[in-house]
Undergrad: 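I'd like to ask some things about the structure below.
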Amino acid sequence: MKKQRVVAAIDFGTHGTGFAWTTIDERHKDPKRRQVWFRTRWPNHPTPYPKNLSALLLTRDGELVAWGYEARRKWAAISARGEARNFEYHLGFKMSLSTEEKSEEKEIAGGRLGYEKSKKLATVFLEKMRSTAMEEISKSGYSSDEVRWCLTVPAIWDDYQKQLMWEAAVAAGLPDDEKRLQLVIEPEAAAYHARVSGVRTINASGRRASLMTKGSRFLVADCGGGTVDVTAYKTDAHNRLEEIGRECGGKFGSEYVNQAFLEKILAERMGSYDVVDRIGTQSPSAVMDLLDSWEKEKVSITKLEEDNIYLPIPAAFDRLLDEDTRKVLSKKQNGVVDFLVVTADEAREVFEAVIPGILSLVDRQLDEMRAQRRNAPGKELVILVGGFGNSPYLQERLQEHLTGRADVLIPPDPQVAVLLGAVHYSYDPQTKSRRTKYTYGCEIAQPFREGIDPAKYLITLPNGERRCGNRFSRYVQVGQSVPVDELVTQTFHPLYEDQKEVEFRIYRSASKNPFYVTDAGCELIGRLTIDLAGAMELPRAKRSIRCSFVFGEVQMKVMAVVVKTGEVVTANLDFTPVD
């Protein structure tokens, strides 16, 4: 393997995706002097912006036609020609990267996607972003095997969704090597950016202090297109980050503001959502053009907005209005039919479809931060980042909501905070510990306790031993602070003499101390299979296995060793949903 000379990051977002990179050399060791390059010019987007549209245009056979803003432009042209039925246009597919039973949710841009379809779309899109990044990096004389990559993931994603993202990234040509491909949690990447970019706060004595100062505490609210992720950090004595709040988040991103606009305003003006759906089916670009107009106005709406907003109704949209719908529109807008008239109160109502959820997440994290410092006096610090973080309405509502409790800081260009922070993270990870979102453990068989364990859980082994199945063997507890490099180890024994592999079922629970894996709230999340074929010459009693889990990393990892021989055996951890 060649020496890594470049660090590159891809911030894969619901609405937009970008890449950034830097070189690994002496001048960039100091993060404050580190120069990070990123692209701001994209085909078919007239103004500089650090992200391309997370969109794909495919034929019905799955062949790529265009990606990014170019996909959006070509889809509009195809729709205008009445040929939409021969193609697929996808936007917002990142939000469907979850299990089938949990998701199959409505894609933000319309339609329903399962996790396999979403994974394929993510693979196609990431391959284009990777190759585009490499075209730029290679111009400086670097080859692909000299690059270490970093890919962002939302804080609210579970282990299976992270596994899907990893698999999609590898299928897209990124290295299947933990030393050359890392996942980073989006608000954590933003925390790195905030520290490096020089965001400062006021300490208890009133003196200005850097976020790299020992004891600095701050909450990061990463508000993107699909998700809003919130977590809190503290800087330790060695200038490393400690996660002091449990990651929390929800689907309160700016794309859901757009969805509320469609449902609460456009559908109301047209008489029903069925009309909007019909027009979207007949001419998808017509609805998209109207959404574009809304998007341009949305970024300047403030909490104290007083004026009406006039959105021109596109000609393609107007042509598809029947007389009854036109009459409804005219009646609701006092005779105006050339524009969609949005009152200031209606605009605020659309934002309020998601703002309370964001404020609730911030409150929950602040409460946890205060509890940890035992409610000592003083304000907390909230750093607002993400594309949605540019919204004046969100900024004003957050500042108003936190008056007297926390100061809100917004770094320059909040939409690139995660992207640039991911580069800094991959260059020199300085996270000391993270907090677990769940209690994790596995299903084991322990000695059966008469009168205590349910009879239905009784397992009788060939040698007469009586075991209780379905017991929850805990590794880490919900909310526990786990160092990133800490191994959590337990030792197990196979139950049967001829057992050539051991399969554990991995569970998680929001409870601190589940006793059985069947307890309320316990959720099966995957399997761990350990190969014992190479240790079969040992008697069963000496065929014990020591399993070590790493919970402090972004991805859960496992290592297994045969205790008697010290042999490291294959241990495959698979988070694919299990029936």
Side-chain angles (χ1 to χ4, degrees), residues 101 158-160 436-480 482 486-551 556-579:
E101 62 260 24
D158 60 23
D159 299 295
Y160 179 57
T436 57
K437 291 194 290 185
Y438 298 96
T439 296
Y440 287 95
C442 64
E443 177 186 359
I444 63 171
Q446 291 188 329
F448 189 82
R449 300 168 304 168
E450 294 290 345
I452 299 177
D453 293 321
K456 61 182 178 179
Y457 294 161
L458 174 63
I459 299 172
T460 302
L461 301 181
N463 63 2
E465 286 185 54
R466 292 161 59 84
R467 295 292 185 99
C468 173
N470 290 335
R471 287 290 296 274
F472 191 107
S473 178
R474 190 183 71 194
Y475 277 93
V476 291
Q477 198 172 57
V478 59
Q480 181 178 337
V482 183
E486 179 177 281
L487 294 176
V488 183
T489 301
Q490 289 186 3
T491 301
F492 302 99
H493 297 81
L495 292 178
Y496 303 99
E497 291 291 345
D498 60 349
Q499 199 167 347
K500 293 184 179 180
E501 68 176 23
V502 177
E503 180 181 283
F504 296 101
R505 291 190 163 206
I506 309 300
Y507 287 81
R508 71 182 185 191
S509 172
S511 302
K512 287 188 174 181
N513 295 298
F515 202 79
Y516 299 104
V517 299
T518 53
D519 288 354
C522 285
E523 180 184 2
L524 177 63
I525 62 171
R527 288 189 178 98
L528 170 64
T529 304
I530 298 174
D531 182 11
L532 289 177
M536 292 304 291
E537 71 277 5
L538 297 173
R540 182 175 69 90
K542 294 185 179 181
R543 224 181 299 151
S544 56
I545 311 143
R546 184 169 58 244
C547 286
S548 299
F549 284 81
V550 178
F551 291 95
M556 190 189 304
K557 301 174 184 176
V558 64
M559 178 179 68
V561 176
V562 178
V563 175
K564 182 68 174 178
T565 64
E567 177 190 4
V568 178
V569 294
T570 302
N572 296 316
L573 187 57
D574 184 8
F575 292 107
T576 302
V578 183
D579 295 330

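Residue numbers count from 1 along this sequence. Quick note: numbers below take in every heavy atom, side chains included, and nothing from hydrogens, waters or symmetry partners.
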Undergrad: Test L532 against I545 for side-chain contact (heavy atoms from CB on, under 4.5 Å), laying out the working first.
TA: CA-CA 9 Å; L532 289 177; I545 311 143; 3.8 Å; yes
Undergrad: Measuring from atom OG1 of T529 to atom CZ of R505, what distance do you get when rounded to the nearest 0.5 angstrom?
TA: 10.5 Å
Undergrad: Which pairs with one or both residues in residues 529-549 pass ring pair (Phe, Tyr, Trp, His ring centres under 6.0 Å), sequence neighbours excluded?
TA: Y475-F549, F549-F551
Undergrad: Keeping R546 on the side-chain end and V563 on the backbone end, is there a donor-acceptor pair under 3.5 Å?
TA: no
Undergrad: Would you give the length of the straight line joining atom OH of Y496 to atom CG of N463, rounded to the nearest 0.5 angstrom?
TA: 10.0 Å
Undergrad: Taking Q499 for the side chain and L495 for the main chain, is one N or O donor matched with an acceptor at less than 3.5 Å?
TA: yes
Undergrad: Check V476 against R474 and note the closest heavy-atom contact, atom names and distance.
TA: O-CG, 3.6 Å
Undergrad: Considering all heavy atoms of both residues, which atom of F448 and which atom of C468 are nearest to each other, and what is their separation?
TA: CD1-CB, 3.7 Å
Undergrad: Between CD of E486 and CD of Q480, what distance do you get to the nearest 0.5 Å?
TA: 7.0 Å
Undergrad: Specify the closest pair of heavy atoms between C442 and F492, including all atoms of both residues, with the distance to one decimal.
TA: SG-CZ, 3.8 Å
Undergrad: For the pair E465 and R540, find out whether any cationic side-chain nitrogen is under 4.0 Å from an anionic carboxylate oxygen.
TA: yes
Undergrad: Does R471 reach the main-chain N or O of P447 with its side chain, forming a donor-acceptor pair under 3.5 Å?
TA: no
Undergrad: Got a sec, which residues hit ring pair (Phe, Tyr, Trp, His ring centres under 6.0 Å) with Y457, two or more places apart in sequence or on another chain?
TA: Y516
Undergrad: Measuring from atom CZ of R466 to atom CG of D453, what distance do you get when rounded to the nearest 0.5 angstrom?
TA: 10.0 Å
Undergrad: What closest approach, in Å, do D531 and K500 show between heavy atoms, and which atom pair accounts for it?
TA: OD1-O, 3.6 Å
Undergrad: First locate atom OH of Y440, then atom CD1 of I506, and finally report the distance between them rounded to the nearest 0.5 Å.
TA: 11.0 Å
Undergrad: I want to check something: taking the side chain as every heavy atom from C-beta on, are S511 and D519 in contact at a cut-off of under 4.5 Å?
TA: no
Undergrad: Just by distance, with hydrogens left out, do D159 and Y438 show a side-chain donor and acceptor under 3.5 Å apart?
TA: no
Undergrad: Specify the closest pair of heavy atoms between S473 and I444, including all atoms of both residues, with the distance to one decimal.
TA: CB-CD1, 3.6 Å
Undergrad: What is the minimum heavy-atom distance between C547 and I530, and which atoms define it?
TA: SG-CD1, 3.2 Å
Undergrad: Hey, does E503 have a side-chain heavy atom less than 4.5 Å from the side chain of E443?
TA: no
Undergrad: Please lay out, stage by stage, how K542 and E537 fare under the test side-chain contact (heavy atoms from CB on, under 4.5 Å).
TA: CA-CA 10 Å; K542 294 185 179 181; E537 71 277 5; over 6 Å; no
Undergrad: Is the backbone N or O of K512 less than 3.5 Å from a side-chain atom of Q477, with the two atoms forming a donor-acceptor pair by type?
TA: yes
Undergrad: To the nearest 0.5 Å, tell me how far R467 CZ sits from Q446 CD.
TA: 8.5 Å
